[in-house]
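Encoded as structure tokens, the structure appears first; notes follow it.
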Amino acid sequence: MKKSLLVSSLSLVLAASTVLSTAGAASKTGTIVIRHTQLGEAKQQRLNILKDVLARVSKEVPGVKYKLDGVDSDVNRKEKLRSEMVVNKAPAIFDLFGGSDTQLYVEANRLLDLTPILKELGLSNKFISLNEFTVNGKIYGLPIGGYQEGYFYNKDYFKAHGLKVPTTLAELEKIAAAVKKDGKTPFAQASKAAWVPLMTANTLWSRYAGPDITNGFSTGKTKWNSAPMISAFTKYQEWVKKGYFKQGELGLDYAEQRNQLIRGEAVMMYDGSWASSVFADKAQAGDMTGKVGYFALPAVAGGKGNQTYVNGGFSNGYGFSAKVKNDKKQLAFVKSFIKNMYNDEMQIRGLEADGVLPSMKVSSTKLANAKVTPLVKEIIAVGNKASGAFPAFDSLVSADVNTALSEGIQKLIGGKVTPKAMLDAVQKAQNIANSDDDF
Amino acid sequence: MNKTLRKPWTYVLFLLPLLVLYIMFFIYPMISAAITSFMKWNGLTEPKFNGLTNYKHAYHDAKFWDAVLNNGKFILFSVFVQVPIILFFSLLISNVKKLKGLYKTAVFVPSVMSTAVIGILWSFIYEPDIGLFNLALTKIGLQPVMWLSDSQWAMFSILITNAWQWTGFYIVMVLAAILSIPREIDEAAIVDGAGAFTRATRITVPLIMPVISVVIMLSIAGAMKAADIIIVMTKGGPGGVTDVMATYLIKYGITNAKYGYGNSIGVLIFVFSLMLTALYQVLVARRVERVEY
């Protein structure tokens, strides 16, 4: 073979492959990726809503292809999205948490400023609260719904054993003791992911130390290892020691928590309002369908601050890549997505189909006419009765403090650490996060 | 054509694509990781030089050393428990007359399954109430063990699962080496009156030492980069007791948005792996003579 022929043919192959790969990359930019976390049976209704919204968006903005990318919520929040943000390759539309996550991404200019879009669409004053997604007066994310945390309980069991919804922590403990004596698990729990047991702990410490205490950790105004905080975690450990949670629950996935309640093995379960749809679905809840009630974690005698506050807020929703503003078609797609996703119809649909509390100011008539399950009505009633709400701790503390707390609660459940030692370690992580010595 | 291949630039032309890929995906990330390991960087904003702070933090963090220790457990378990089992089963299967193919396939199957599937599968086996192990334990009157949630058992449970996944792969490797030994050597030993145990320990094992050495080396490499099985089964829990260096890196580097610190851990994993490999080469691998029949 002639030398010149070999060189020219090789060059041709190289050039052709370069051109083809560039063309491939160019065609990819036309596809919008929508990262969602609606995976599994329990979130099927929410996925259906998302798909319907996208079908409408496709009609309004023709020519833009989209691709759904489903990822587990915890993995998306803590690993995947975070890595994508680092290399500035986040999808155009993605599941986003408010608070510290949003703040971190805004500092790096990764999120699209939604303030002008909301104004244009007439949605500026339509949301109940955008606090968790607001940084320096600008809005960077939109909550898909509201949530509230409390105890789901087996109504039949309560009735059969003459138990009443507790109004004080002492009453709750009396019920737990009676349930334990009866050979059942008082509180369903599955703590492989630490945020699950931290839901109970978060409200418990807000009862003991006041609903505002979490706000002060990152400013140094309040301390993790203060006396009321230690009391809250001592109470938590007391429950563990008394066997109020299933043995071996540290190795179980979150979904197993509700199964403990559904199987009748456990009688109460502390969870978010998002779990309510499971108990309305015969395929998931079986005989427990429609037999589950709800109450707030009751007041602690001698606890600080208002004892009726509930853990609730509007922290999870959708965020959009800042890169979208450079592409007219993508921007049109995002606007249409917001218009079709955030309206009375979808809010009511989310409430009816899935028990997701509205994040928007839906008209009271529509809300009253919504076909919701008695359980959702109970959740709304508990929320209405509360004097206020405090957000989940993870939207208020930095990721490293969250990691220290997550490790701590698992060690506490495993009996490997005292509440004081655990909270000292968390405070140490908080001190580093608050100081300039942060690495 | 021969004349063309004698020209050095032709080689360069052929090597270029591979070289570009190697530099892009190995050399560049390595250098970039080494540089950012001396920086305070959340991955999003401008990195700031902070000297040895990241390394000092790793040095003083007991949790990091616990993770290193867990990698050590992985290595020790592989070398002193897994390798003897691999040898035992390889010898056993090599002497089977019937259904040898079936046995080979059966032991190999776990290694072609994804780690996620294996992790979930074994989570069922370790389930506290209805898991296979606890059902067996309670049947014989013993107390159930909280395999994945008890900090005393969690690491051991992962080691068993990991060994189950990879043992078959290594068995097939060792088996191939055993079967390549000329039959005459074994027959001569039988004529000399050597029993099965003597033949296995005095003839077969010494002859397959190079392959065993490779198996040990691969086990060490696998142990140093272990992460997936832990993420699926325990997420490093309970309370971080099953964290290895790689999961520690993910937790404290990516989740905590401390990419500078994460990179310093990455560099330490690289250095530790290099040291272990060098140590193994000097102490063991070089002593294994090349076998020629």
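Here is how names work: the chains are called A, B, and so on, in the same order as the sequence lines, proteins then strands, and each is numbered from 1. Note that the structure is a prediction, hence the values are computed from the model and not measured.
Of the atoms belonging to B:Met39, not a single heavy atom falls under 4.5 Å from chain A. Proximity to chain B (any heavy atom under 4.5 Å) is shown, for A:Arg77, by neither the backbone nor the side chain. In this structure, chain A has heavy atoms under 4.5 Å from both the backbone and the side chain of B:Ile254. At a 4.5 Å heavy-atom cutoff, B:Asp150 makes no contact with chain A through either its backbone or its side chain. Looking at B:Lys63, the atoms closer than 4.5 Å to chain A (heavy atoms on both sides) all sit in the side chain, from C-beta outward. Only the side chain of B:Glu127 has a heavy atom closer than 4.5 Å to any heavy atom of chain A. For chain B, no part of A:Ile413 is nearby; none of its heavy atoms comes within less than 4.5 Å.
Looking at A:Lys138 and A:Val106, their side chains never come closer than 4.5 Å, going by heavy atoms from C-beta outward. Taking 4.5 Å as the limit, some side-chain heavy atom of B:Asn134 sits within range of a side-chain heavy atom of B:Trp147.
A centroid separation of less than 6.0 Å is found between the aromatic rings of B:Tyr55 and B:Phe38. Between B:Tyr261 and B:Tyr252, the ring centre distance reaches or exceeds 6.0 Å. Checked against a 6.0 Å centroid threshold, the rings of A:Phe187 and A:Phe245 count as neighbours.
Counted by atom type alone, A:Asn76 and A:Thr37 present zero donor-acceptor pairs between their side chains at under 3.5 Å. Looking at B:Thr242 and B:Thr234, their side chains do bring a donor and an acceptor atom within 3.5 Å of each other.
Put simply, of A:Ala399, A:Gly415, A:Ala193, the one with the most heavy-atom pairs under 4.5 Å next to chain B is A:Ala399. Note: B:Asp129 leads B:Asn42, B:Thr45, B:Asp129 in heavy-atom pairs under 4.5 Å with chain A. Taking A:Gly408, A:Ser191, A:Ser83 one by one and counting their heavy-atom pairs under 4.5 Å with chain B, the maximum is reached by A:Ser83.
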